[in-house]
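To start, the structure under review is shown below, and the notes come after it.
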Amino acid sequence: MKKQFLVIGLGRFGSSICKELYKIGHEVLAIDLIPEHVDAVKDYVTYSAIADATDEASLQDLGVNNFDHAVVAIGENLQASVLATLILKEIGVPIVWVKARDLQHQMVLEKVGADLVIQPEFEMGIRVAHHMDSEKIIDYIDLSEDYSIIEWEASLKMLNKTLKELNITAKYRCMILAIKRGENVNIAPMPDDEVQKGDVLVVIGHRDDLKQFERKGL
């Protein structure tokens, strides 16, 4: 279903969000104070505007209250980021996601009503660290302080064995959510499904259990 997205701040993070949302098929309004930034994305968005996101009147004139979802991707100007978030929530934008520079910035954004706060550099740092820790890990997502999801390349020990034979849940208290095989994704695989060469397993579990699973690899 087509949605309307507002993206404020068109640096690398904001512009990449604009382009991907537009590519998926959504309507995107891109806003930035710097004309060059707006010009760089004009061919990849539905609408674009040079505007001050800390000026409520300017945002009202652009009709931002009609948008389903806003992303505030202002990076370094903490005051502008916080004020834009506050204004969007007061105007009535249902969902506002905001890029934060650090934990202190995140705490302030949460207090003024941000629905989700993203720290791209911090989150990417975690992913890179886990990639470096285990060459088998393809991707890593934190669900909470204790639980995570990993994408893990099937080891040689797993090949041509069914999930029932592997018995990962009993051995490691982890659960296989999906098996990725090339472009195909087997969601909620059955016990009789076999693991083949090149498969990527999407596994959820407690961090400690996942670590045991990664180290032993069955």
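For the residue pair Ala73 and Gly9, the shortest heavy atom distance occurs at CB-O, 3.6 Å. Summarising the geometry of Asp115 relative to Pro94, their closest heavy-atom pair is OD2-O, 3.5 Å, with the distance given to 0.1 Å. Closest approach of Ala53 to Ile8, counting heavy atoms only: CB-CG2, 3.4 Å. Between Val72 and Ala84, the shortest heavy-atom distance links the atoms CG1-CB, 4.3 Å. Heavy-atom minimum distance, Leu210 versus Gly205: CD1-O, 3.5 Å. Taking each heavy atom of Val7 and Gly14 in turn, the nearest pair found is CG1-O, 3.7 Å.
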### Task
Take Gln4 and Leu29, measure what side-chain contact (heavy atoms from CB on, under 4.5 Å) needs, and give me the verdict at the end.
CA-CA 8 Å; Gln4 292 181 310; Leu29 168 59; over 6 Å; no

### Derivation of the side-chain contact (heavy atoms from CB on, under 4.5 Å) call for Val112 and Lys89
CA-CA 8 Å; Val112 300; Lys89 294 307 293 185; over 6 Å; no

### Query
Given Ile179 and Leu163, is the side-chain contact (heavy atoms from CB on, under 4.5 Å) satisfied, shown in steps?
CA-CA 10 Å; Ile179 300 175; Leu163 297 186; 4.3 Å; yes

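Connection of Leu109 to Leu103 is not established within any shared hydrophobic cluster, with ILVMFWY side chains joined at heavy-atom distances below 4.5 Å, either directly or through further cluster members. Cluster membership for Leu59 and Ile34, using ILVMFWY side-chain heavy atoms within less than 4.5 angstrom, is not shared. Linking Ile, Leu, Val, Met, Phe, Trp and Tyr residues whenever their side-chain heavy atoms come within less than 4.5 Å leaves Leu33 and Leu88 in two separate clusters. Transitive grouping of hydrophobic side chains (ILVMFWY, heavy atoms separated by less than 4.5 Å) keeps Ile87 and Leu78 in distinct clusters. Val28 and Ile50 fall within the same hydrophobic cluster, where Ile, Leu, Val, Met, Phe, Trp and Tyr residues are linked whenever their side-chain heavy atoms come under 4.5 Å apart, directly or through other members.
Between Trp152 and Phe213, the ring-plane angle classifies as tilted under the 30° and 60° cut-offs.
Taking CG from Leu86 and OG1 from Thr54, the interatomic distance works out to 11.5 Å, rounded to the nearest 0.5 Å. In this structure, the separation between CD1 on Ile95 and CG on Leu6 is 13.0 Å, given to the nearest 0.5 Å. Between the CD atom in Glu90 and the CG atom in Asn65 there is a gap of 13.5 Å [rounded to 0.5 Å]. For the atom pair Glu36 CD and Leu10 CG, the distance stands at 12.0 Å (nearest 0.5 Å). For the atom pair CD of Glu27 and CG of Asp68, the computed distance is 9.0 Å after rounding to the nearest 0.5 Å. Rounded to the nearest 0.5 Å, atoms CG (Leu83) and CG (Asp55) are 9.5 Å apart.
Residue pairs meeting the ring-ring contact (aromatic ring centres under 6.0 Å, His included) criterion with at least one member in residues 78-98, sequence neighbours excluded: His69-Trp97. Judged as a side-chain hydrogen bond (donor to acceptor under 3.5 Å, both in side chains), the pairs with a partner in residues 40-49 (not counting sequence neighbours) are, in order, Asp39-Lys42. Screening residues 181-212 for ring-ring contact (aromatic ring centres under 6.0 Å, His included) gives Tyr147-His206 as the qualifying pairs, with residues at least two apart or on separate chains. Judged as a side-chain hydrogen bond (donor to acceptor under 3.5 Å, both in side chains), the pairs with a partner in residues 179-205 (not counting sequence neighbours) are, in order, Glu151-Lys180, Arg181-Asp199, Asn186-Asp193. Applying the ring-ring contact (aromatic ring centres under 6.0 Å, His included) test to pairs two or more places apart or on separate chains, those with a residue in residues 7-30 are Phe5-His26.
Under the side chain to side chain donor-acceptor pair (under 3.5 Å) criterion, Asp102 pairs with no residue at all, not counting sequence neighbours.
Using a 4.5 Å cut-off on side-chain heavy atoms (C-beta onward), Ser155 and Met158 make contact.
Panel note: side chain Asp32, backbone His37; no donor-acceptor pair is recorded below 3.5 Å. Looking at Thr169, its side chain does come within 3.5 Å of a backbone N or O of Cys174 through a donor-acceptor pair. No donor-acceptor pair closer than 3.5 Å links the side chain of Ser81 to the backbone N or O of Asn77. Side-chain atoms of Lys23 never come within 3.5 Å of backbone atoms of Cys18 as a donor-acceptor pair (strictly under, hydrogens ignored).
Ion pairing of Arg173 with Asp209 is present here, as a side-chain N (NZ or NE/NH1/NH2) and a carboxylate O approach within less than 4.0 Å.
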